[in-house]
Amino acid sequence: MGNYDNYVGKLRYILDLINNDDQLSLQQVNHVTVRLHDWLRKSSMQCLTSSSPRKMLSLSKNLQEIDTTSAQGFFTVLNISKSYSESQCFHIMVFSVLSLWIRKLQSFIQSRGIDNLSSVNIDSDVPVRGGDLPSQQESLLFSADLANINDNLSITSSVRGGLANKIESLKHQTSEVGDHDDTSSIISELTESIISDATSTVGTFGSFDSQIPDITESDFIESINIFIETVVDYSLRCLSQSELVAKSNNISLQRSTVVEILRILSLVCQLRESYIDKLLPSIRRILNVSFKSNTEIDVYLECISFFIHHCDISITLPLIEQTFTSHQLIDNCYYILPFSLSFTNFIVKEVDFLCDKDILQTYFPSLMKLIAWNSVHVIDDFSHLIIPAFMDDKTSPEVFHSILDLPCLTAVLLLKRHIAHQLDSKSLNSADVIPHNLMEMFVNPTNVPLFAYIARQKSGQGDTIAKLATVHS
């Protein structure tokens, strides 16, 4: 377990720096950046063999792609195995804090006034300076509580669950190795170390940092550029893996990893805009695939966020408008709770842009369907942030009436869902049966414009508010 304690010590050190509000030194930031570069690219492509926990087995027999074919290239979190090595487990943990470190790196660069990252020609095969430490010093453990790791991970809860499942799968090796092997105890200790509170404190920041060699700012810039190139290569490898057809038990891991990769790439492009053109074809491809599936809404919206932050408005606005109009995502998926939560989170995250470009003011009637159907789950975000963003000099009266008539919108959505399932009426419970007179009213040609107005997609269309008295009665 000595190697694993060493890995835990490294992770604790990184988390301490991430959570440290004080100004970090150039040497500290450079050291972690260089090490992350190594850990992302140099993780073992070999796994523990099923016959002996100490012996390695070739990747072609054990390590697989997410579609169960033989692994290619270098190891990523989307490689699958029944028996991960310690370095691969550590690789998974490093990935989980990668975006946190890039945000920390971005803040540090801004505080130092460094703005010439793109001025250095980089070669990812050239060793970077400032990352080497005596192995004894690297094994120092700090007092950071590993129980706080989950609170600090930036990836979604489904990613955490997927990565946790990969670690949890290590427990099942006992059935593959004999009782004479000590794999069971190794895996048990490894897993418990990840989730338990760490109470031991060895060394201090001062004693550890004193071993980090001094570097110049030009060396630091070179290290950052090489690190960024490595992150981009790693991310593109994961996006390539995401196009493979995953087995059912790995779909959630695949989808959630893509979301995290897109967030990482967005942060990278904030550091170096020159990568945008290189990344756009891959992200556009992921976008085109994801919008066709209701289960990949997180991926689709994360792609849209990338376009919002890094692409010209002439490209971004048509994509957003298609989301509300031709794609009709909300009209087709408002009743799916995960969709509603994801779309609400997207609106909260991008509210400034969407409000500034009049997207919310234009399409708020469509967004009202989310609160009409899932009010308990989204009411806080809508009442405190989203609904106020709907309102301006032109839309305020319409927003006011839309709020008053939310029960009418809910009734219309319920009727539409009932009609969509009327060919399968046997599957409906007795409580779901709609009164006959109400159904007649809904399909009456005279009332079609009224119900079309209630379920409209855009604001400022028609004037049938006075007719709502018919629905109220």
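Just so you know, these numbers use all the heavy atoms, side chains as well, and skip hydrogens, waters and symmetry mates. The residues of the chain are indexed from 1 along the displayed sequence.
Contact detail for Leu319 and Ile315: the closest heavy-atom pair is CG-O, 3.5 Å.
Taking a cutoff of 4.0 Å between a charged side-chain nitrogen and a carboxylate oxygen, Asp298 and Arg255 do not qualify as a salt bridge. A salt bridge is defined here as a Lys NZ or Arg NE, NH1 or NH2 lying under 4.0 Å from an Asp or Glu carboxylate O, and Glu302 with Lys349 meets this definition. Between Lys278 and Glu229 there is a salt bridge, since at least one side-chain N of the basic residue sits less than 4.0 Å from a carboxylate O of the acidic one.
Taking the six-membered ring where the residue is Trp, the centroids of Tyr234 and His37 are separated by 6.0 Å or more. Annotation: Phe108 is in aromatic contact with Phe220 [ring centroid separation under 6.0 Å].
Side-chain contact check for Glu65 and Gln241: at least one donor-acceptor pair (N or O, by modelled atom type) lies under 3.5 Å. Side-chain contact of Asn345 with Ser342: a donor-acceptor pair under 3.5 Å is absent, judged by distance alone. Side chain to side chain, Thr33 and Trp101 meet the donor-acceptor criterion of an N or O pair below 3.5 Å. Inspection of the His377 and Ser340 side chains reveals no N or O donor paired with an N or O acceptor under 3.5 Å. Residues Asp392 and Thr395 bring a donor and an acceptor atom of their side chains to less than 3.5 Å of each other.
One distance of note links CG of Leu98 with CG of Leu40; it measures 5.5 Å at 0.5 Å rounding. Summarising the geometry, atom CD1 belonging to Ile330 is positioned 4.0 Å from atom OG belonging to Ser366; distances are rounded to the nearest 0.5 Å. Atom SG of Cys355 is separated from atom CZ of Phe390 by 10.0 Å, given to the nearest 0.5 angstrom. Taking SG of Cys269 as the reference point, atom CG of Leu279 lies at 5.0 Å (rounded to 0.5 Å). Taken to the nearest 0.5 Å, the CG atom of Leu244 stands 11.5 Å off from the CG atom of Asn250. Between the CG atom in Leu370 and the OH atom in Tyr335 there is a gap of 13.0 Å [rounded to 0.5 Å].
The main-chain N or O of Leu15 is found under 3.5 Å from a side-chain atom of Asn19 such that the two form a donor-acceptor pair. Gln64 places no side-chain N or O within donor-acceptor distance of the main-chain N or O of Ser70, the cut-off being under 3.5 Å. Here the side chain of His310 pairs no donor or acceptor atom with the backbone of Glu273 at under 3.5 angstrom. Under the 3.5 Å distance criterion, the side-chain polar atoms of Asp358 are left unmatched by any main-chain donor or acceptor of Gln361. Of the possible donor and acceptor atoms, one in the side chain of Asn79 sits under 3.5 Å from a partner among the backbone N and O of Thr76. Panel note: side chain His91, backbone Ser87; no donor-acceptor pair is recorded below 3.5 Å. Checking side-chain atoms of Ser242 against main-chain N and O of Leu239 turns up a donor-acceptor pair under 3.5 Å.
Side-chain contact between Phe364 and Ile386 is absent, with no heavy atoms from C-beta onward closer than 4.5 Å. Residues Asp352 and Asp356 are not in side-chain contact: their nearest non-hydrogen atoms beyond the backbone lie 4.5 Å or more apart. Using a 4.5 Å heavy-atom cutoff, the side chains of Tyr363 and Glu321 are in contact. Arg272 is listed as a side-chain neighbour of Asn225, based on a closest heavy-atom distance under 4.5 Å.
When the options Leu287, Val299, Thr257 are evaluated for a side chain to side chain contact (heavy atoms under 4.5 Å, CB included) with Leu262, the one that passes is Val299. In summary, of the residues considered (Gln106, Arg103, His309), a side-chain hydrogen bond (donor to acceptor under 3.5 Å, both in side chains) with Gln270 occurs for Gln106 alone.
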Between Gln457 and Thr325, does a side chain to side chain donor-acceptor pair (under 3.5 Å) hold up when you go through it step by step? CA-CA 7 Å; Gln457 294 179 350; Thr325 55; 6.0 Å; no
Please evaluate residues Asp67 and Lys247 with respect to the criterion salt bridge (charged side-chain N to carboxylate O under 4.0 Å, His left out), reporting the C-alpha separation (whole Å), side-chain torsions for both, the decisive distance (0.1 Å), and the verdict. CA-CA 6 Å; Asp67 62 350; Lys247 295 183 66 175; over 6 Å; no
